[in-house]
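For reference, the structure discussed in these notes is given below.
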Amino acid sequence: MKNALKETILAAAMVDHEKGIFPSSDFCEVVLEEPKADSHGDWSTNMAMQMAKAQRMSPRKIAETLIGHLDDKKGIIDRTEIAGPGFINFFIRPSAWYPVLAAIHEQDDQYGRCDLGKGTRIQIEFVSSNPTGPLHVGHGRGGAVGDSTANILSFCGFDVQKEYYINDSGRQIQTLGMSVYLRGKELLGETVAFPDTCYQGDYIRDLAGELLEREGRELFEKSEAEAIMPCARYAAQKITEGMRADLVDFGVTFDQWFSEQSLYDSGRVAGDIRDFKEKGLIYEKDGALWFKTSDYGDEKDRVVVRQNGQTTYFASDITYHKEKFERGFQKVIDVWGADHHGYIPRMKAAVEASGYDRDQFDVLLVQLVNLLRAGQPVAMSTRAGEFVTLADVVKEVGRDAARFIFLTRHYESSLDFDLELAKQKTNDNPVYYVQYVHARISSIHRKSESDRLDVSGFAPSDLSALETPEDIALIKALARYPETVGTAGALMEPHRITYYLMTLAAAFHTYYNRHRVLSEDDLKLTRARLYLIAAVQKVIRNGLALLGVSAPDAM
RNA sequence: GCGCCCGUAGCUCAGCUGGAUAGAGUGCCGGACUACGAAUCCGUAGGUCGCAGGUUCGAAUCCUGCCGGGCGCGCCA
């Protein structure tokens, strides 16, 4: 409908130009927007003001001329008006909205899909927590944002791959192995000093116990040098499995789990370092190897191989991101915690130095989560091993509430997550507000069946009974969905879907309280309204699916 | 000191690729269930969009400077 209106306006402008009324053929793009106030119509354009300069005419004069030559072939315009400095406002005939409902029913779970991405291969990497401890709420937010963004991008015509990068190499893994090894010794009855630098959580002791049962006491009687890596590998693998299970419970799955260690095992990291050395992008200074990231906008060069010969995290990251592009992704997205923001310039530099456009790589920086309980901060100390894990949160408040709340804020804003609030089944907790719409509509459909209202096989050709302002307002809300999805995809902002759903839910609840759907003495109206609310239900379900939240038939 | 994010109603936040009278929830106050689920709805009240300049026909939105809060600035990850 919007496009039809655009074409009509553009055609009018062409006619005016051909007649010589508009001297310039420079028509700016026709931009239609929805005015905030209903009194300004259904659609509004500012093009008369935009064109004023090129046409050397006053905006209002241009507007008048344009309106005079509108040829509304489809008969969708009820009336037009010129307002303010030169806005043209269009009022749409109520019945012109009806085709939206047919489109929803025809396209069903595909309603709202677009081809923004045109098949672009895009990879989104998220969570990627180190396998040294359980996932916490911050990872939950990253998981919700990453997974939902992937859903939305896919719905917008991108070819999306979701990936988890396992940091199963480097010093932290050594530390993990050491932690397990020492706890194992304790289990054997030895008295050992357990350093602060080791991981303190109880899960380490559990892992040591499992390993002891599996491998016997010999492992822990070996020397540190011999025992650490077996301990580390076992622990990292078990922890990774646990994280995968927690993420599944949270509704987050990945297409691929990519091991950092595999980049070393295949010799790719060493190979890349050699290649960059030959190109002069890696040089030696103070006994270490440095990458010339400052040539690509970073504030200084960065170490890739330390004086002691060990590679840094950055070294494998260079190879990893290069490898991503070599796999054929045209666009690579990383979802990081905001505390890593200082890492972006060097990563962009590495991508550019690898021969790719720095804009092909983007980072979604997700701000931190403040965990609260009834307004009071929950102490989060990783070192002391005291933290509320993602699994705890999902268990306590449920997957749907957790995911929805994580997506009620722009990811660039910090988020207060209140465990008590998240459990409440009130309006404080908007997930139920939205899900309630779905359940209510299911309930109405059940009722229509039990009342044996003769509306079977409804696909009414006559929707003229949908005539109240609330009927039309609801259809208009449904009509906004595709554009909302498109914006959410283009900007990678899943919270736009969340807000859309809350607005749609509000429109439905208002409608519900004001009008009856089922009335035995007016089957034409009943049929039309059942058709309408079924469309609402489909859009609610589609939107919730993009967020990874269920749409229950009863609550 | 430098960099990134944030600053909008008492509180929590949308709106930010410039549009008309700045929105929602919550909280306060007052209303609506003998018909489809009251986990709902309706109404009243509540604002120097941090401050000051600039660009523009038009700025919460863009630019500059300041103020306040958070997070970073390692041959850690």
Side-chain angles (χ1 to χ4, degrees), chain A residues 31 33 35-37 39-40 44-46 49-50 52-53 58-59 83-87 89 129-130 132 167 169-173 175 285-290 299-300 302-314 316-317 337-345 363 365-368 370 375 408-416 418 421 424-437 439-448 450-451 453 487 490-491 495-496 498-500 502-503 505-506 508-520 526 529-530 533 554-555:
Chain A
V31 176
E33 55 186 28
K36 276 179 266 186
S39 61
H40 292 137
S44 173
T45 183
N46 63 354
M49 290 178 288
Q50 300 280 0
K53 220 165 235 173
S58 79
F87 291 102
N89 297 336
S129 169
N130 296 337
T132 53
N167 298 119
S169 174
R171 206 177 68 174
Q172 55 185 338
I173 290 296
T175 305
K285 190 182 86 178
D286 303 331
L289 291 183
W290 299 70
E299 60 184 23
K300 60 181 181 182
R302 307 292 175 174
V303 169
V304 286
V305 180
R306 285 181 269 167
Q307 213 169 19
N308 65 9
Q310 286 186 337
T311 50
T312 61
Y313 190 87
F314 184 47
S316 48
D317 264 350
D339 53 342
H340 288 69
H341 76 261
Y343 208 76
I344 295 175
V363 177
L365 272 187
V366 179
Q367 293 291 324
L368 71 115
N370 299 310
T408 51
R409 298 275 175 273
H410 188 149
Y411 61 80
E412 281 188 346
S413 296
S414 60
L415 170 74
D416 290 343
D418 194 305
L421 220 59
Q424 279 177 30
K425 301 190 172 179
T426 68
N427 223 343
D428 287 331
N429 193 354
V431 63
Y432 298 111
Y433 185 77
V434 174
Q435 287 184 319
Y436 188 43
V437 171
R440 244 183 174 174
I441 293 172
S442 290
S443 175
I444 296 171
H445 280 114
R446 284 193 293 270
K447 174 93 165 112
S448 77
S450 67
D451 286 0
L453 286 172
T487 308
L491 301 177
H495 76 282
R496 288 175 183 271
T498 314
Y499 275 90
Y500 170 81
M502 292 193 281
T503 306
F508 175 77
H509 286 312
T510 297
Y511 181 82
Y512 177 90
N513 275 275
R514 194 161 301 173
H515 301 293
R516 264 194 78 75
V517 173
L518 306 177
S519 53
E520 296 189 27
T526 300
R529 285 190 167 164
L530 281 171
I533 66 167
M555 295 167 66

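Letters go in sequence order (proteins before strands), and every chain restarts at 1.
Taking CZ of A/Phe508 as the reference point, atom OH of A/Tyr433 lies at 10.5 Å (rounded to 0.5 Å). Here the OG1 atom belonging to A/Thr311 is positioned 10.5 Å from the CG atom belonging to A/Leu289, to the nearest 0.5 angstrom. Atom-to-atom distance recorded for A/Asn370:CG and A/Asp416:CG is 5.0 Å, nearest 0.5 angstrom. Between the OH atom of A/Tyr436 and the NE2 atom of A/His509 there is a distance of 7.0 Å, given to the nearest 0.5 Å. Taking CZ of A/Arg302 as the start and CD of A/Glu299 as the end, the distance is 5.5 Å to the nearest 0.5 Å. To the nearest 0.5 Å, atoms CG (A/Leu415) and CD (A/Gln367) are separated by 11.0 Å.
The nearest pair of heavy atoms linking A/Ser519 to A/Thr526 is O-OG1, 2.9 Å. The two residues A/Asn130 and A/Asn167 come nearest to each other via the heavy atoms OD1-OD1, 2.8 Å.
Classified by interplanar angle (parallel below 30°, tilted 30° to 60°, perpendicular above 60°), the ring pair A/His495/A/His410 is parallel.
If you take atom C1' in B/C66 and the same atom in B/C73, they sit 23 Å apart, rounded to whole Å. Separation of the P atoms belonging to B/A39 and B/U44 is 24 Å when rounded to the nearest angstrom. B/G23 and B/C33 have their C1' atoms separated by 29 Å, with the value rounded to a whole Å. Using atom P as the reference point in both B/C71 and B/C62, the two lie 25 Å apart (nearest Å). B/C13 and B/G70 are spaced 15 Å apart, taking the P atom of each and rounding to whole Å. Taking the P atoms as reference points, B/G68 lies 47 Å from B/G31, given to the whole Å. The P atoms of B/G1 and B/G19 are separated by 35 Å, rounded to the nearest whole Å. With P as the reference atom, B/G58 and B/G27 are 42 Å apart, rounded to whole Å.
In this structure, A/Ser44 reaches the bases: a heavy-atom distance under 4.0 Å links it to at least one base atom across the strands shown. At the heavy-atom level, A/His40 lies under 4.0 Å from base atoms of the strands shown. Among the heavy atoms of the strands, none lies under 4.0 Å from A/Asp418. In this structure, A/Leu368 reaches the sugar-phosphate backbone alone: every heavy-atom distance under 4.0 Å involves primed, P, OP1 or OP2 atoms, never a base.
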Quiz prompt | A/Ser448/A/Leu530 under side chain to side chain contact (heavy atoms under 4.5 Å, CB included): CA gap, chis, key distance, verdict | solution = CA-CA 9 Å; A/Ser448 77; A/Leu530 281 171; 4.2 Å; yes
Quiz item: Going through the distances and angles, do A/Ile344 and A/Leu365 end up as a side chain to side chain contact (heavy atoms under 4.5 Å, CB included)?
Solution: CA-CA 10 Å; A/Ile344 295 175; A/Leu365 272 187; 3.9 Å; yes
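Straight-line distance from the CG atom of A/Asn429 to the P atom of B/C13: 15 Å, rounded to whole Å. The OH-C1' distance, from A/Tyr499 to B/G25, rounds to 8 Å in whole Å. As a whole-Å value, the separation of A/Glu412 CD from B/A14 C1' is 15 Å. Atom pair A/His495:NE2 and B/U12:C1' shows a separation of 15 Å (rounding to whole Å applied). In this structure, A/His509 atom NE2 and B/G25 atom P are separated by 12 Å, rounded to whole Å. A straight line from NZ of A/Lys36 to P of B/A20 spans 4 Å, rounded to a whole angstrom. Here the P atom of nucleotide B/C6 and the CG atom of A/Leu415 are 15 Å apart, to the nearest Å. Atom NE2 in A/His410 sits roughly 22 Å away from atom P in B/A24 (whole-Å rounding).
When the salt bridge (charged side-chain N to carboxylate O under 4.0 Å, His left out) test is applied to A/Arg440, no partner is found at least two apart in sequence or on another chain. Legend: residues meeting salt bridge (charged side-chain N to carboxylate O under 4.0 Å, His left out) with A/Arg409, ordered by chain and number and at least two apart, are absent.
When only modelled atom types and interatomic distance are considered, A/Arg529 and A/Tyr511 share a side-chain donor-acceptor pair under 3.5 Å.
Side-chain contact check for A/Thr408 versus A/Val431: every heavy-atom pair is 4.5 Å or farther apart. The closest side-chain heavy-atom distance from A/Ile533 to A/Ile444 is below 4.5 Å.
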Exercise. Summarise how protein sits on nucleotides 72-77 of chain B as a single string, 5' to 3': B when a protein heavy atom is under 4.0 Å from the base, S for sugar-phosphate-only contact, - for no contact.
Key: SSSBSB
Quiz item: Taking protein heavy atoms under 4.0 Å as touching, what does nucleotides 28-38 of chain B look like 5' to 3' if B marks base contact, S marks sugar-phosphate-only contact and - marks none?
Solution: -------BBBS
Quiz item: How does protein reach along nucleotides 45-51 of chain B, written 5' to 3' as B (base within reach of a heavy atom under 4.0 Å), S (only sugar-phosphate), or - (no contact)?
Solution: -------
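For A/Ser58, no side-chain nitrogen or oxygen approaches OP1 or OP2 of B/C57 to under 4.0 Å. For the pair A/Tyr433 and B/C41, the criterion of a side-chain N or O lying under 4.0 Å from OP1 or OP2 is met.
Along RNA chain B, the nucleotide nearest A/Pro35 and the nucleotide nearest A/Tyr432 are compared for position; the residue whose nucleotide lies closer to the 5' end is A/Pro35.
Nearest to the side chain of A/Met49, among B/C42, B/G19, B/A14, sits B/G19.
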Exercise. Under 3.5 Å for both distances, Watson-Crick or G-U wobble, that's the pair rule; now give the dot-bracket for RNA chain B, with | marking pairs to another strand and [ ] for crossing ones.
Key: (((((((..((((.....[...))))..((((.......))))......(((((..]....))))))))))))....
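Under the stacking definition used here (centres under 5.5 Å, planes under 30°), the residue A/Phe87 qualifies as stacked on the base of B/A20.
Within 90° of 0 lies the glycosidic angle of B/C33, which makes this nucleotide syn.
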